[in-house]
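What follows is a set of notes on a single structure, which appears directly below.
What you are looking at is a predicted structure, and each value in this text was computed from that prediction instead of being measured. Here is the naming used below: chain letters follow the sequence lines, and residue numbers restart at 1 for every chain.
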Number of protein chains: 2
Amino acid sequence: MVGGHAGRGGLRERKKQRTREALSLAAIRLAVERGWAAVTVEDIAAAADVSVRTFRNYFSGKAEAVAARHLDRMRRIADELRVRPGDEPLWEALVSSVEAQFAPDEDLDAVPAPDPAQVDGVRVMLTEPALQGELARAHALAQDELAAAIAERTGTDPARDLYPALVAAAAGSAVAVAIEHCLRAEAPTPLGPVLRDALEQLRAGLPVP
Amino acid sequence: MVGGHAGRGGLRERKKQRTREALSLAAIRLAVERGWAAVTVEDIAAAADVSVRTFRNYFSGKAEAVAARHLDRMRRIADELRVRPGDEPLWEALVSSVEAQFAPDEDLDAVPAPDPAQVDGVRVMLTEPALQGELARAHALAQDELAAAIAERTGTDPARDLYPALVAAAAGSAVAVAIEHCLRAEAPTPLGPVLRDALEQLRAGLPVP
DNA sequence: ACAGAATATGCCGGATCGGCAATATTGCTG
DNA sequence: CAGCAATATTGCCGATCCGGCATATTCTGT
């Protein structure tokens, strides 16, 4: 062993992660400011200082690169749930895990500061079919991991019980509905309260309003 | 006026619909029996007796063609809900509408007879990322229409209330979870009871089992 | 330090994708 | 019923995507 490195995992893995993030970020930025069709894989690769071929080692296309950020964030919900105290009721732990990922800011996954021009760019970008598909897929993938974490925590069997998959799907739906709601509103709306409301309605069995 | 035609809509529209169905069906059949990568757009177009260019007027790619069948079926849930008697409680009408689309047979959307070889082909096909994305997108699109139908029926405002989108998402989740469950099981499992169970759990607020 | 493994890159051929213009089919109207 | 307008089908083409292969470069564990 040469010596204790900083972050966990080797230098190799960290660099890989940084490249992945740089590519995803570049893809989002370019797509938002130039429009979806006007940005090629070559542009993204150049913006992250890697070859086009390397980009394609990380992502299968523009869409996957853009969706990666959303995917990573959704994944973190499952990670967060795993490290919660085990005696906490499931739903409570789940709500905390979800809110932890959307607490500070960022209405979708691109802009740190809710600049109206950029938000509008995101709206336009989200009309692209290829991107919608990839985002929906990312959502589904993350839900599968969340379902596994829920099954693990509750001692249910994902192969026999619908329960873990259903709870994961419910949580995912709450996030999706809340994000779309806030994104559709013209006045910038904080995500947190909307998300909490959605989760609460689901837990109450969706009573008619 | 020339005369009352048979089905609603002109001959033109019906022919279009038949072409669309033929293409989607051909795409599914070829992909299941040959494997995803081994079928080109040209093959599909040839199987439906249209030019490649025409195929691309209907669908943006193989994935969309295959997903079209699922999309159409999910759309019919919303259509069914609209023609239900208005005095029926929403959830009851919704459950009926969903079950009506999955009542007779077909575990996913390809095979009329649950041939084990074909079911396995479907399983393999569903591992394809591009197809997963398109299916997820179809799911999301259908949910939007369902949400509109629910809002219409309950008098809620999709722009202000989370309710319609949440209920639509819950119904969609139940369908998705039930389908995946039945597809994962090695013994052929009828979808109906599983679907009913999933919907019931959601309505009960997902109690821990 | 060295052997082995994983990654980055260039190159290439097949397939995809969408715009354009010509042609054919359908629906309407006089 | 005959012509006209609208829409669908088709072929063509260049840009792009996509993944396999071979090679060079960079990290890891002993």
* To do: Identify, between B:Thr19 and A:Val41, the residue whose nearest nucleotide on DNA chain D lies closer to the 5' end.
  => B:Thr19
* Structure fact -> In whole angstroms, the gap separating C1' of C:dT9 from CG of A:Leu23 amounts to 14 Å
* To do: For A:Val50, report the nucleic acid contact type (base, sugar-phosphate, nothing); a contact means any heavy atom under 4.0 Å.
  => sugar-phosphate
* Could you tell me whether a side-chain N or O of B:Lys62 sits under 3.5 Å from a main-chain N or O of B:Ala130, the two making a donor and an acceptor? => no
* Structure fact -> Rounded to whole Å, CZ of B:Arg56 lies from P of C:dC20 at a distance of 16 Å
* Structure fact -> When rounded to whole Å, the CD to P distance for the pair A:Glu13 and D:dT26 reads 20 Å
* To do: Examine the side chains of B:Arg137 and A:Gln132 and answer whether a donor and an acceptor come within less than 3.5 Å of each other.
  => yes
* Determine the contact category for B:Lys15: base if any of its heavy atoms lies under 4.0 Å from a base atom, sugar-phosphate if only primed atoms, P, OP1 or OP2 are that close, otherwise nothing. => nothing
* To do: Figure out the CZ/P separation between B:Phe59 and D:dA8, and round it to whole Å.
  => 14 Å
* **Flag, side chain of A:Ser24 to backbone of A:Arg20, donor-acceptor distance under 3.5 Å** => no
* Quick one: B:Trp36 CH2 to D:dC18 P, roughly how many Å, whole number? -> 13 Å
* Mind calculating the distance between CZ (A:Arg53) and P (C:dT9) to the nearest angstrom? => 11 Å
* Asked: Which residues satisfy the side chain to side chain contact (heavy atoms under 4.5 Å, CB included) test with A:Glu152, sequence neighbours excluded?
  -> A:Arg82
* Asked: What is the distance, rounded to the nearest whole Å, between atom NZ of B:Lys62 and atom P of D:dC18?
  -> 12 Å
* Between D:dA15 (C1') and A:Glu42 (CD): distance, integer Å -> 12 Å
* To do: Choose from C:dT7, D:dA8, D:dC17 the nucleotide whose nearest atom is closest to any side-chain atom of B:Tyr58.
  => D:dA8
* Closest to the A:Thr54 side chain: D:dC17, D:dT10, C:dT9? -> C:dT9
* Asked: Between D:dT16, C:dG18, C:dA8, which one does the side chain of B:Ser60 approach most closely?
  -> C:dG18
